[in-house]
J.: 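Here it is, the structure, as structure tokens.
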Amino acid sequence: MRYTIEHGGEPVTVDVRRLGADRFLVQIGDGPAKVVEAHADAFGVHLLDGPASHRVRLADDGKQAWVRGHAFKAEALDPQAARRRSRQQGGAAGGGDRVITSPMPGRIVKVLVAEGDTVQVGQGVVIVEAMKMENELRAELAGVVASVHCKADDRVEGGARLVVIDPAEG
Amino acid sequence: MRYTIEHGGEPVTVDVRRLGADRFLVQIGDGPAKVVEAHADAFGVHLLDGPASHRVRLADDGKQAWVRGHAFKAEALDPQAARRRSRQQGGAAGGGDRVITSPMPGRIVKVLVAEGDTVQVGQGVVIVEAMKMENELRAELAGVVASVHCKADDRVEGGARLVVIDPAEG
Amino acid sequence: MFDRVLVANRGEIAVRVMRTLRDLGISPVTVHSEADAHALHVRMADASVCVGPEASAQSYLVGERVIAAAKQLGAQAIHPGYGFLSENAGFARAVAAAGLVWIGPPPKAIETMGDKLDARRTVEGAGVPVVPGVSRPVSDPQEALAIARQVGFPVMLKASAGGGGKGMRLVHDEPALIKGLEAARREAAGAFGNDAVYVEKFVVEPHHVEIQVMCDAHGNALYIGERECSVQRRHQKVVEECPSPFIDEAQRVAMGEVAVAAAKACGYVGAGTVEFLVGGDKSFYFLEMNTRLQVEHPVTELVYGVDLVELQVRVAAGQALPYTQADIQPRGHAVECRIYAEDPVTFLPSPGRITALSWPEGPGVRVDAGVDASSTVPMAYDPMVAKLCTWGSDRAQAIRRMRRALDETSILGITTNIGLHHRVLTHPAFVAGRYDTGVLSTPLPDGPTPTAGQPEAVLAAVAIARHVADERRAAQGQAPAGLTGWKIEGHERMLRGG
Amino acid sequence: MFDRVLVANRGEIAVRVMRTLRDLGISPVTVHSEADAHALHVRMADASVCVGPEASAQSYLVGERVIAAAKQLGAQAIHPGYGFLSENAGFARAVAAAGLVWIGPPPKAIETMGDKLDARRTVEGAGVPVVPGVSRPVSDPQEALAIARQVGFPVMLKASAGGGGKGMRLVHDEPALIKGLEAARREAAGAFGNDAVYVEKFVVEPHHVEIQVMCDAHGNALYIGERECSVQRRHQKVVEECPSPFIDEAQRVAMGEVAVAAAKACGYVGAGTVEFLVGGDKSFYFLEMNTRLQVEHPVTELVYGVDLVELQVRVAAGQALPYTQADIQPRGHAVECRIYAEDPVTFLPSPGRITALSWPEGPGVRVDAGVDASSTVPMAYDPMVAKLCTWGSDRAQAIRRMRRALDETSILGITTNIGLHHRVLTHPAFVAGRYDTGVLSTPLPDGPTPTAGQPEAVLAAVAIARHVADERRAAQGQAPAGLTGWKIEGHERMLRGG
């Protein structure tokens, strides 16, 4: 499997293949492939690099990892994900998402825009309530509201498409 | 599956069959079979009996269980185990084991008896060292040493047969 | 003393209260919603009665069902925890009317302090300083504007019946005031069934410092130190500590005596917390009194060597406080981190099923969790899953110990705010002890070391860990994390945002 | 202060020491045997060097490899924990000769106190009372018999170089003395490389009470309360508490002052423990001084609010003790239970792989574990996997809290002595605080409720739990627990024995 690992700076591509119980073949970027001995348990991995002891703790179902207080993001890179990624970036102006989705299950309190409205970056478009707190979802790009997929009092699932914005011409 | 559950007094036979995710059919002794709702997790089972909340914590790979500080022993009863059990009891005088086995991996420090020796209940037969502590294994029945299967400095596995005793005529 | 007490709550506070009940030899019983039949608080109780469906308005908040459960289970008293019915004077009265003991302050005190405007008037009468503002609710935007112009921007909008940041807005100008007033009233109505909101001057460089008070029914009243609660995000406390690095002994005594005066002004009995706003110039103003156990009470327990729940139970049983003010001596320093199931970027709640869990251990570490390795964090309730506390002989040690404790913590299956805590605990202003409630309003510095500074072995280890997690998921017939549906989008946004 | 310290140990004490190092901002590094490459103490360290194969005589006990590891890793000091090299004066000297700091007492003090006979002579000179007996080793059974006849049976046989119950025998008559002498000498030779054994009068109704002392290099010496360690099984401590229910303040001061005198008599620096035998008549006799951190040190830390490892490190770095004797004040009560991987009936070690693990939490609970949810307990080392400690505002609460903590503990995959602890913690003599070292020599009362007294639902729940465990094992391709090989026999013996 190929992953991108990010920690602060630029993501680095890492290829991992299992060779045995505690042995893995690892290639970082375009560097040489190396055999690495690492011990996995329910919470992560322990690896001795010479004397250096590295304990990786997984979080968030594997998408995040912690090494002594330092956060790493680990993303699986497969052809499908890479395609989706480039498509999404191509469709966005200023790097923002075209599609405003509900980041978690909740209830729509208020829809602040209608189809055809012009929106600015950072403008509030929908207020979602989750666990008694109201949260305003904002436009990540400037443009025109192409479609609205929710109304006040709707219960929505996490990931539900709420509003789609056509980006203004950059 | 059929189990005997023991807590202080006489063992009770309990039959258990799974009906669904959190549902089991349970029959205690010769009583009526009942559908019981119980929620299992990595550590045991939680069951609401009316309002009464019973949290069972497993220990020792499932052979023991704890309910609020009370110990229960849970033994699987299958035909094979029942046979082995009755055969073993039949071969023993006074309920003790004919075969002295090493209860865990260790090193033989000293063998205190030889073939043909007469032994009394409680008499030391072998000293095993495990984790730097010496432990004397004792005869559980009176009789004559039929065979000795170890010598000083042997490394033995858990369960290894060390000494067999022919019971004295009761 | 009671034989059996019903804890009318769920999650970490129900578990924490039940632990002390057991430690006192009292049988703990509880209530649960249909969704919580096997929740941790039910598993820890001797008995529990289902009081309704998942929505708390139809279960945990239905006072008569809770009282009926207590009667059915033979409990002699009810402990409400915090939240839910804990500040409901009507419920407290109904508990007493049912012949049960209410482990909380007298209903009249709850009422007085529960209405912020009423509370302000009451304590002002006892000589307690309050924040400049107007002691009446506003609904008309023009009236709010007039008040704001009078006391000067910035102003705070606050729900009169509120607490915990709900229905609260800091506004810096007139358009924000108009917009914020509507939102604050709507939130207040939704959260408390009462849309009254008032306007208050916003104190500059404000510290949120609260005094723990404890009163018995025999006229004894103690203050048990302060807690510094200025590390807040959107008016929600994130990290608390005791003592406050901002308060010296003279100010501690002055604020403590004022807090006791405030408690006595409303005839208080039991544990309560008097919240103060302390300005950069050390002037302090009464904000509100929370007539219940506070979320962050463990830091006080660690430093003062008391069990506040034990004291609540003893006082409710009619016993006199076992301490005098001179007995209340601090030792060392304690810090608390609230662990929320929340997205680290959007801060939105992130419920789900916990698949693996390991808490920190060792000297100076206390864990109060509402979940265990097999719990599900439901969407319907508060997303706080645990509180981590550390004690140290001094503040620096307590903070380093918390960093170590966070590093020892593993929670898989849900997303938590542990990353936020790592950043707060290394934030220069926090580490120096020089911060006010604005500390989290500017972006936190990221982890100190960029990728380039990490050895290749660490990158390899992270990738292997991720790979092993994916293998495990594959063995369970699941897709690799982050490869399906909205998670990808959220994740990619996170990468860009980070 | 040091930047980096090497912990020359494994298991819970290595982990515990490393936690305080991190809490002080010191980088912890360690050593490991080939079998321990991924053991918890290695995972918690910043770096670790392999010092040999599994057998500790070829790895953890090889001083020169440990010192080479410390040099390689850039450590400035070595903390030995307890056991292994902690009481090896030659190693302490070699550490200093290598230019490293030894976090322990001066080698001469180790030597003096390490030889029980030498120690006895030294403290006698300082006016410290000792147990009647003879201050020379015996190897000839006839000589031992003569001594025993002189001081009177029962007598104790003790390894001169010993500790922890190894090479120790209580004998009541002449045949037992002859037999015990041989075994004690063999054990002493195996454990300590020195078969010297001596004979000592056995004090009636004896209490094992020990005083914690702490000395710096500037001439300051403190006693930090006592620990009652009379709950022993085969001369191994099982449950400890602080303070002792048997000792009052006057005796605490008297024993404390004697303990400090004993420490000063050997030029002590660092943390040490002076063990006393206290008779039913409160007379007390010096037994030995342990020149290292004690297993049960956490109960002292909980009651006195100090971190003994922190003090060890500060003193080794040349700092003066930050306390005077007047600062050392107790608060509440603490109890410790040692959790061993051992068979509950035979008491034999029971190593294996832990498959699920959950420790207790909440107020007043401290866990010091040497394993986590994915550890294997190897056969080669000490079978103690963790120490549970509870603190309470009084003894009764600390004990009930420990019962609750034991009840909250889940360890699967290995067999532990948690059942023994449940029985000790409900033992009438223990609960009453009236017990001596004989408390576990008579069989413990069984759980109070026989099967007949348990509701059928509990039996059903236990059977379901067992069934679900079997299902899980079957899913992993394993036979149900207890259905194969020797486990059946052991188990059936257990059923009959129970």
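Each chain gets a letter, A, B and so on, in the order its sequence line appears, and its residues count up from 1. Note that the structure is a prediction, hence the values are computed from the model and not measured.
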J.: Between A/Gly44, A/Ala59, A/Ala42, A/Ala71, which residue shows the highest count of heavy-atom pairs closer than 4.5 Å to chain C?
T.: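 Heavy-atom pair counts peak at A/Ala42.
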J.: Side chain, backbone, both or neither: which part of A/Asp41 has a heavy atom under 4.5 Å from chain C?
T.: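 It is the backbone, since no side chain atom gets that close.
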J.: Side chain, backbone, both or neither: which part of A/Leu47 has a heavy atom under 4.5 Å from chain C?
T.: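 For A/Leu47, the contact with chain C is made by the side chain alone.
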J.: Do the ring centers of A/His54 and A/His46 come within less than 6.0 Å of each other?
T.: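 Aromatic pair excluded; centres sit 6.0 Å or further apart.
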J.: Considering only heavy atoms and a distance below 4.5 Å, find which of A/Leu58, A/Asp15, A/Val36, A/Val26 pairs most often with chain C.
T.: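 With the most close heavy-atom pairs to chain C, the winner is A/Leu58.
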J.: For the interface with chain A, which of C/Ile411, C/Thr355, C/Ile418, C/Val458 has the highest count of heavy-atom pairs at distances below 4.5 Å?
T.: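 Maximum pair count with chain A is reached by C/Val458.
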J.: Less than 4.0 Å between a side-chain N and a carboxylate O, is that true for C/Arg233 and C/Glu342?
T.: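 Salt bridge between C/Glu342 and C/Arg233, a charged N being under 4.0 Å from a carboxylate O: yes.
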J.: For chain A, which of C/Ala457, C/Ala469, C/Gly352, C/Ala183 has the most heavy-atom pairs under 4.5 Å?
T.: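 Most heavy-atom pairs under 4.5 Å with chain A: C/Ala457.
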J.: Angle between ring planes, C/Tyr60 versus C/Phe84, binned at 30° and 60°: parallel, tilted or perpendicular?
T.: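 C/Tyr60 and C/Phe84: parallel rings.
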J.: Would you say the side-chain atoms of C/Arg403 pair up with the backbone N or O of C/Leu425, donor to acceptor, closer than 3.5 Å?
T.: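 Checked: pair present.
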J.: Judged by modelled atom types alone, do A/Thr101 and A/Arg161 share a side-chain donor-acceptor pair under 3.5 Å?
T.: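 There is no such pair between these side chains.
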J.: What part of A/Arg18 lies closer than 4.5 angstrom to a heavy atom of chain C: side chain, backbone, both or neither?
T.: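 Backbone plus side chain of A/Arg18, per the 4.5 Å heavy-atom cut-off to chain C.
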J.: Output yes when a side-chain donor or acceptor of C/Glu471 lies under 3.5 Å from a complementary backbone atom of C/Ala475, and no otherwise.
T.: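 No, C/Glu471 side chain to C/Ala475 backbone: no donor-acceptor pair under 3.5 Å.
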J.: By a 4.5 Å heavy-atom criterion (distance strictly below it), what part of A/Val16 contacts chain C: side chain, backbone, both, or neither?
T.: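 For A/Val16, backbone and side chain are both near chain C.
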J.: Measure distances from C/Thr409 to the heavy atoms of chain A and classify the residue's part below 4.5 Å as side chain, backbone, both or neither.
T.: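 Backbone of C/Thr409 only, per the 4.5 Å heavy-atom cut-off to chain A.
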J.: Would you say the side chains of C/Ser33 and C/Tyr381 form a donor-acceptor pair under 3.5 Å?
T.: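 Note: C/Ser33 and C/Tyr381 side chains meet the donor-acceptor criterion.
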